[in-house]
Amino acid sequence: MRRQSNSLKSTMCYTRAYYIESEGDQEIGDGFVPKTDDWRAEVDWADVIIFDDIWVGPDIGTGKLAQELREQGKAVVGGTPNTDHLEEDRGYAMEILEEHDVNTVEHHIFNDFDAGINHVKENPAPYVIKPLGEVQNVKRLLYVGNEDDGSDVIDVLRAYKKAWGHRMKGFQLQRKVQGVEVAICGFFNGETFIDQVNFNFEHKKLFPGNIGPQTGEMGTSMFWAGQNKLFEETFGKLEGWLANEGYVGSIDINCIVNENGIYPLEFTPRFGYPTIALQEESIESSTGEFFYDLAHGNDPNVEVHNGYQIAIRVVLPPFPFDDDKTYDENSRNAAVVFETESREGIHLEDAKKVDGQWRVAGGNGMPIVVTGKGETMQAAREQAYDRIDDIVMPNMYYRDDIGERWISGDGDRLQAWGYLGPADS
């Protein structure tokens, strides 16, 4: 299962058939998995149908397709039109949170740049600019303000008005909150969440130290735990709404937390990438049985690694940008060479296999994800980076600090604030 976050496409994975909607990505997975070019022709025999994105095209959400298939009696991992809307429309997502008494950070939706600029002038503070609609997946447009008077946000909005005004029809201004950024990921079976909850820490900037352009994701650190306070104050309050929707699958809510509270920022009502590779690495029982049980409304008997895990996205030019010339010159069909026979911890993203040789596929320059796990975060880091040392790809690059934030204090702060223990009864 795979998804590239900066393009509108969807893939579906069946017991034996893998479908990719995007024309530019048709070769991904060749040589690794059986594929189909007509997913509807495979529906009748499929044990489980899995949608791994919220889009199958610019005007067609996979939640609508998943809902229709469920009504036909099929077992589906996927969303609904309303859960798709959680990611498409950040204003709607905040409304759902507020309706269910989930704490939210101050936020405002604007369809006019001048109105947003005036708001910052009248209410000076650091803000986060989050584009809405067509351009929300252009990650480089997300801007996190640094100035206490909001002057840098005003400058950026003025620049966006000139450069993106024809496409950026709306944006959210979200008051910046200081704290630890943590994503809470639950697996829902249509009626309830499973007991195990996944807590992950995204590293979105291109360079170590959180410097450079937004990429969507360069790596993730992670652990599994029970339904603690972080879960109960967020998804614990949304369980009934998700059950009414009939949602099935992974759903993630990214938050900033500090000593004063939990502040949800945005939803991911689908698999996260590369989070799904890391979850697969840490699920020690059958992932096939896990998703089968989830889609059939059962309580999966899933066994997970009790320590820590990290995933590192290994990329090639022009990632995270779109530049066909650069991609053709540096990355198209490039060989992924392994200096060891082991493929432990190696997860394909935009890759194919030709005559036994792993090669780069698609057009985005993100062929593989490398994972590691251990009893400590440092042990997980060492295993993952040792595995990268055995990979050769000319021009490859990756962040070398995934997991360090946890070691340098994020874990201690979450523990001190009381978020990692059992929820209050």
Side-chain angles (χ1 to χ4, degrees), residues 1-3 12-16 18 33 46-52 66 70 74-79 83 182-202 220-232 234-236 238-239 242-243 245-253 267-311 344-347 369 371-375 377 379-380 383-384 420-423:
M1 290 169 279
R2 59 160 308 280
R3 173 186 184 267
M12 283 163 277
C13 179
Y14 305 95
T15 309
R16 295 181 297 167
Y18 182 56
V33 292
D47 297 315
V48 179
I49 303 166
I50 298 178
F51 293 89
D52 75 338
R70 287 193 194 99
K74 301 304 295 184
V76 182
V77 173
T83 60
V182 54
I184 304 148
C185 180
F187 286 88
F188 201 77
N189 70 356
E191 296 181 358
T192 188
F193 282 99
I194 71 168
D195 291 337
Q196 293 92 338
V197 183
N198 184 257
F199 299 90
N200 58 84
F201 304 83
E202 301 174 344
T220 307
S221 57
M222 190 187 83
F223 65 90
W224 295 82
Q227 295 184 359
N228 57 25
K229 185 176 181 180
L230 286 172
F231 174 88
E232 291 295 343
T234 53
F235 281 134
L238 296 173
E239 197 163 41
L242 289 168
E245 285 295 315
Y247 184 86
V248 176
S250 165
I251 183 166
D252 177 294
I253 188 166
F267 284 95
T268 304
R270 52 171 173 78
F271 297 117
Y273 293 86
T275 306
I276 184 59
L278 195 50
Q279 290 167 338
E280 183 185 11
E281 175 82 4
S282 59
I283 293 176
E284 298 181 339
S285 50
S286 167
T287 53
E289 291 179 5
F290 173 52
F291 288 120
Y292 180 92
D293 284 338
L294 207 68
H296 286 83
N298 302 328
D299 183 13
N301 184 23
V302 59
E303 299 175 8
V304 299
H305 179 251
N306 289 325
Y308 297 86
Q309 304 89 38
I310 73 164
E344 287 292 319
I346 310 299
H347 302 259
V369 171
T371 61
K373 58 186 178 182
E375 294 306 307
M377 192 70 80
Q383 184 180 73
L420 300 184

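We count residues from 1, following the sequence as given. Just so you know, these numbers use all the heavy atoms, side chains as well, and skip hydrogens, waters and symmetry mates.
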What heavy-atom pair brings [X] and [Y] nearest, and what distance separates the two atoms?
X	Y	answer
Ala295	Val248	CA-CG1, 3.9 Å
Ile194	Pro300	CG2-CD, 3.6 Å
Val77	Arg70	C-NH2, 4.5 Å
Cys185	Gln279	SG-NE2, 3.4 Å
Asn200	Met222	CB-CG, 3.9 Å
Val369	Pro274	CG2-CB, 3.6 Å

> Which class fits the ring pair Tyr273 and Phe271: parallel under 30°, tilted 30 to 60°, perpendicular over 60°?
Replying inline: perpendicular
So, [X] side chain and [Y] main chain: donor-acceptor pair closer than 3.5 Å or not?
X	Y	value
Tyr292	Thr287	no
Gln196	Gly226	no
Glu239	Phe193	yes

>> Is it the case that the ring center of Phe199 lies less than 6.0 angstrom away from the ring center of Phe231?
In response: no
>> So that I know where these two stand, are Phe290 and Phe187 an aromatic pair - ring centroids less than 6.0 Å apart?
In response: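 Yes - the distance between ring centres of Phe290 and Phe187 falls below the 6.0 Å cut-off.
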Output the distance between atom [atom1] ([X]) and atom [atom2] ([Y]), rounded to the nearest 0.5 Å.
X	Y	atom1	atom2	value
Glu303	Trp224	CD	CH2	12.5 Å
Ile184	Asn198	CD1	CG	10.5 Å
Thr234	Phe267	OG1	CZ	8.5 Å
Ser286	Asn301	OG	CG	11.0 Å
Ile276	Ile283	CD1	CD1	6.5 Å
His296	Asp47	NE2	CG	7.0 Å

> Between Gln309, His347, His305, which is the residue that forms a side chain to side chain donor-acceptor pair (under 3.5 Å) with Glu281?
Replying inline: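 Per the side chain to side chain donor-acceptor pair (under 3.5 Å) rule, the option paired with Glu281 is His347, out of Gln309, His347, His305.
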Just wondering, do [Y] and [X] contact through their side chains at under 4.5 Å, heavy atoms?
X	Y	answer
Tyr308	Glu375	no
Met377	Ile310	yes
Thr220	Phe201	no
Arg270	Ile251	no

>> Tell me whether Lys373 is salt-bridged to Glu344, with the criterion being a basic N under 4.0 Å from an acidic carboxylate O.
In response: no
> Take atom CG in Asn298; do more than 12 heavy atoms of anything else shown fall under 6.0 Å from it?
Replying inline: yes
>> Are there over 12 heavy-atom neighbours, none belonging to Glu289, within less than 6.0 Å of that residue's CD?
In response: no
>> Gln227 vs Phe235, test: side chain to side chain contact (heavy atoms under 4.5 Å, CB included). Steps then yes/no.
In response: CA-CA 9 Å; Gln227 295 184 359; Phe235 281 134; over 6 Å; no
> Out of Ile253, Leu420, Val197, which one pairs with Leu230 under the side-chain contact (heavy atoms from CB on, under 4.5 Å) rule?
Replying inline: Leu420
